[in-house]
Peer 1: 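My questions will all concern the structure given below.
Predicted, not measured: the structure shown is a model, and the values here were computed from it.
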Amino acid sequence: PAMPDVTLLHNSDCSTSRHALDEVTGAGVAPEVVQYLKKPLDRAALLDLLGKLEDPAADLVRKDGFFKGLGLRADDYVTPEAVADLLVEHPRLMQRPVLLRGDRAIIGRPKERVAEFLA
């Protein structure tokens, strides 16, 4: 049977994101690849994504050096609304890769989650 369509929110500079793309195409799926840094999601799309995400909303935010450099606190970004507002302003803080299929979405970390999601 044909697999449902898969969308990959992708950053080609990220090895984990490239791995996810390889996993998806290796499974015989032609994903819709969204370069979210070039075409950032708007607030409504982010809230829709967060509604499908099997992970906590807070996990969609990268707590990296850029996050810390902005003086942000992780405790301030736990609700879908707060996460969406932050990612509209700073798309580069979105965790990657993110895979969507139907009404489900996951963050593709660790890498093993991608194959489980596609199965």
Peer 1: Does Thr16 reach the side chain of Lys111, with side-chain heavy atoms less than 4.5 Å apart?
Peer 2: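 Side chain of Thr16 against side chain of Lys111, heavy atoms only: contact under 4.5 Å found.
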Peer 1: Testing the basics here: between Val114 and Glu23, what is the closest heavy-atom pair and its distance to 0.1 Å?
Peer 2: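 Heavy atoms of Val114 and Glu23 come nearest at CG1-CB, 3.6 Å.
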Peer 1: Is there a continuous path of hydrophobic side-chain contacts, each under 4.5 Å between heavy atoms, that joins Leu21 to Ile106?
Peer 2: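 Shared cluster, yes.
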Peer 1: Transitively linked via ILVMFWY side-chain contacts under 4.5 Å: Leu87 with Val78?
Peer 2: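 Unlinked, Leu87 and Val78 end up in two clusters.
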Peer 1: Listed by chain and number, what are the side-chain contact (heavy atoms from CB on, under 4.5 Å) partners of Asp64, not counting sequence neighbours?
Peer 2: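 Per chain and number, Asp64 pairs via side-chain contact (heavy atoms from CB on, under 4.5 Å) with Arg62, Phe66, Phe67, Leu93.
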Peer 1: Kindly give the heavy-atom pair with the smallest separation between Leu47 and Ala84, and that separation in Å.
Peer 2: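 Smallest interatomic distance, heavy atoms only, reads CD2-CB, 3.8 Å.
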Peer 1: For atom CZ of Arg18, is the number of surrounding heavy atoms from other residues, nucleotides or ligands below 6.0 Å larger than 12?
Peer 2: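 Result for CZ/Arg18: enclosed.
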Peer 1: For a quick test of reading the model, state the closest non-hydrogen atom pair linking Ala27 to Leu118 and the distance between them.
Peer 2: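 For Ala27 versus Leu118, the nearest heavy atoms are CB-CD1, 4.1 Å.
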Peer 1: Does Val88 have any side-chain contact (heavy atoms from CB on, under 4.5 Å) partners at least two apart in sequence or in another chain, and if so, which?
Peer 2: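 By the side-chain contact (heavy atoms from CB on, under 4.5 Å) rule, Val88 matches Arg43, Leu46.
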Peer 1: For Ile107, does its backbone N or O pair with a side-chain atom of Asp55 as donor and acceptor, under 3.5 Å?
Peer 2: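 Side chain of Asp55 to backbone of Ile107: a pair is present.
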Peer 1: Taking all atoms of both residues into account, what is the closest heavy-atom pair of Ala74 and Lys63, and its distance?
Peer 2: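 Looks like CB-CE, 3.9 Å.
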Peer 1: For Tyr36 and Pro91, which heavy atoms make the closest approach, and how far apart are they?
Peer 2: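 Where Tyr36 meets Pro91 most closely, the heavy atoms are CE1-O, 3.5 Å.
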Peer 1: Report the distance from atom CG of Leu50 to atom NZ of Lys52, rounding to the nearest 0.5 Å.
Peer 2: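 Going from CG on Leu50 over to NZ on Lys52, the span is 11.0 Å.
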Peer 1: Can you name the closest pair of heavy atoms from Ala82 and Tyr77 and give their distance?
Peer 2: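 It is O-CD2, 3.6 Å.
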Peer 1: Would Val61 and Leu49 show up in the same hydrophobic cluster when neighbours are defined by side-chain heavy atoms closer than 4.5 Å?
Peer 2: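 Yes, same cluster.
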Peer 1: Mind checking the CG-CZ spacing from Leu100 to Phe117? Nearest 0.5 Å is all I need.
Peer 2: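 The CG atom of Leu100 sits 6.5 Å away from the CZ atom of Phe117.
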Peer 1: With a 4.5 Å heavy-atom cut-off, do Val83 and Thr79 have their side chains touching?
Peer 2: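 Contact flag for Val83/Thr79 side chains = no.
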Peer 1: Within the structure provided, determine whether Leu37 and Asn11 are in side-chain contact (heavy-atom separation under 4.5 Å).
Peer 2: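 Contact flag for Leu37/Asn11 side chains = yes.
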Peer 1: Answer yes if Leu41 and Leu86 sit in the same cluster of Ile, Leu, Val, Met, Phe, Trp and Tyr residues linked by side chain heavy atoms under 4.5 Å apart, and no otherwise.
Peer 2: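 Yes.
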Peer 1: Once you round to the nearest 0.5 Å, how far does CZ of Arg96 lie from OG of Ser17?
Peer 2: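 The OG atom of Ser17 is 7.5 Å from CZ of Arg96, to the nearest 0.5 Å.
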Peer 1: Does one hydrophobic cluster hold both Leu53 and Leu9, with members joined at side-chain heavy-atom distances below 4.5 Å?
Peer 2: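 As far as the 4.5 Å side-chain criterion goes, Leu9 and Leu53 are connected within one cluster.
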Peer 1: Give the intermediate values and the outcome of side-chain contact (heavy atoms from CB on, under 4.5 Å) for residues Asp59 and Gln95.
Peer 2: CA-CA 7 Å; Asp59 288 1; Gln95 190 60 268; over 6 Å; no
Peer 1: Any heavy-atom pair between the side chains of Leu72 and Asp76 that's under 4.5 Å?
Peer 2: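 No. Closest side-chain heavy atoms not under 4.5 Å.
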Peer 1: Less than 4.5 Å apart, side chain to side chain, heavy atoms only: is that true for Val24 and Leu99?
Peer 2: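 Val24 vs Leu99: side chains touch.
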Peer 1: For residues Glu32 and Asp5, determine if any side-chain heavy atom of one lies less than 4.5 Å from a side-chain heavy atom of the other.
Peer 2: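 Not in contact.
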